[in-house]
2 protein chains.
Amino acid sequence: MFPAMSEEPTTKDRLIFAATRLFRQRGYDGTGLAEVLAEAGVPKGSLYHHFPDGKADLACAAADWTASEIIRVIDDAFAGAPDWRHGATTYCHKMAKLFDILNSADACPIFGLLFEGPDQNKFRAHAEAAFNRIIAGAARHGEAFGMSVEAAHEAAETLMIGFQGSWTLARMRRNATTLRSLPNRLYGAIAR
Amino acid sequence: MFPAMSEEPTTKDRLIFAATRLFRQRGYDGTGLAEVLAEAGVPKGSLYHHFPDGKADLACAAADWTASEIIRVIDDAFAGAPDWRHGATTYCHKMAKLFDILNSADACPIFGLLFEGPDQNKFRAHAEAAFNRIIAGAARHGEAFGMSVEAAHEAAETLMIGFQGSWTLARMRRNATTLRSLPNRLYGAIAR
DNA sequence: AGAAGACTAGACCGATTGGTCTAGTCCTGC
DNA sequence: GCAGGACTAGACCAATCGGTCTAGTCTTCT
């Protein structure tokens, strides 16, 4: 969830990274373009050059980028896991660690970036496609464990549903316990 | 979640109802005071008279009111239920119906009103207290079914975690299926 | 070198924002 | 009736909002 610093990011990427971070912290409507520009160190003309529809385009790009990052976290978490539960547990622990790094102040990275944004069909379609990518990315691992397509999809969805609720509660409580205990919450029961 | 119309609401209540509805639909930052005032049919001076800290006070009042309403829904849902699962299922069905009534556009009433608002400790404390009231209100029913204090609390929290994630997904998908299937999601496994 | 397009820079703009404040009207109690 | 407080009403304000636009600089290709 942090940009790789091995290469100088392009202007466009700098805008996306800054927007992602600020939208997550402040929400879409609570973030002004001036803040994004200041953090990215980019002038306004550049923003409209790269994102002709302005703030709304930025939200679409932030959602896309977030989904790609989450899929990376999911893939890392499930790599080498012997079964779904282990992968999901690692995912939750990784996200709990991210939560701690973010100092407990940020909205859930998935839902904060994909469920809040401009009131436009374009964004909505983007966000939905991004979310479906995440679900598909997670379900793929379920299938690799031998789950049926349906069961894998269901498991992925359940994980994401629980993840959001848990992150939100962790945020309120200022600690990541609900994230770390999510697997037990979900699979202390689902496991079969 | 709709004001009782048996009595003419006070100016203050009109503001709270309007704010609650608009904050749920647009988010706190996405709602301007002018909109709230227009919907409530109240002049600005009145707002500052009743809510000296302005918009932030309104958010606190909206959160409190929302919690009270949700607790009412919970109590209704669990009234007469033979066990936790039945009560929780009825709660989910009631909320799914509310979702349909709201035309799928509103943020989760609990989390949208309690987790988004002014970046202030006062609001945060209010919201956290409100949420804890909801959890306690639900846990009470668990205890009435013979659950230990801890298990009842855990069950209430799990329900709310799942509820938020499900509502959010229902909102994206424009249908309440995830809300209606939440009990099976949670208790097709937890049930013991 | 020159042309064209990509990209940066920041001034400008009308609209909206939430809060402040003055001037009333209404209500209650003496 | 009068005084004081509760409450309504809306004008005013500085700041911010996101978008537009002009004027450059940089890059690439011929």
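In what follows, every chain begins at residue 1, and chains take the letters A, B, ... in the order their sequences are listed.
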Using 30° and 60° as the class boundaries, would you call the ring planes of Phe78(A) and Phe145(A) parallel, tilted or perpendicular? tilted
From [atom1] of [X] over to [atom2] of [N], roughly how many Å is that when rounded to an integer?
X	N	atom1	atom2	result
Leu37(A)	dT16(D)	CG	C1'	13 Å
Phe51(B)	dT8(D)	CZ	C1'	15 Å
Leu58(A)	dC17(D)	CG	C1'	15 Å

Assess the pair Phe111(A) and Phe131(A): is the distance between their ring centroids shorter than 6.0 Å? yes
Counting only side-chain nitrogens and oxygens, does [X] get under 4.0 Å of the OP1 or OP2 atom of [N]?
X	N	value
His50(B)	dT8(D)	yes
Thr11(A)	dT8(C)	yes
His49(B)	dG5(D)	no

Considering all heavy atoms, the nearest Glu116(B)-Gly27(B) contact: OE2-CA, 3.7 Å
Looking only at heavy atoms, which two atoms of Ala63(B) and Ala130(B) are closest? And how far apart?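 Closest approach of Ala63(B) to Ala130(B): O-CB, 4.1 Å.
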Measuring only between side-chain heavy atoms, which start at C-beta, is Thr168(A) closer than 4.5 Å to Gln164(A)?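 SC-SC contact between Thr168(A) and Gln164(A) confirmed.
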Check nucleotides 18-22 of chain C against the protein and report each pair of N or O atoms closer than 3.5 Å, with its distance, or say if there are none.
unit_1: dG18(C); atom_1: OP1; unit_2: Thr31(B); atom_2: O; d: 3.3
unit_1: dG18(C); atom_1: OP1; unit_2: Lys55(B); atom_2: NZ; d: 2.4
unit_1: dG18(C); atom_1: OP2; unit_2: Leu33(B); atom_2: N; d: 2.6
unit_1: dG18(C); atom_1: N7; unit_2: Lys44(B); atom_2: NZ; d: 3.2
unit_1: dG19(C); atom_1: OP2; unit_2: Tyr48(B); atom_2: OH; d: 2.5
unit_1: dG19(C); atom_1: OP2; unit_2: Lys55(B); atom_2: N; d: 3.2
unit_1: dG19(C); atom_1: O5'; unit_2: Tyr48(B); atom_2: OH; d: 3.3
unit_1: dG19(C); atom_1: N7; unit_2: Lys44(B); atom_2: NZ; d: 3.3
unit_1: dG19(C); atom_1: O6; unit_2: Lys44(B); atom_2: NZ; d: 2.7

Are more than 12 heavy atoms from other residues, nucleotides or ligands located less than 6.0 Å from atom CG of Asp119(A)?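 No, not enclosed.
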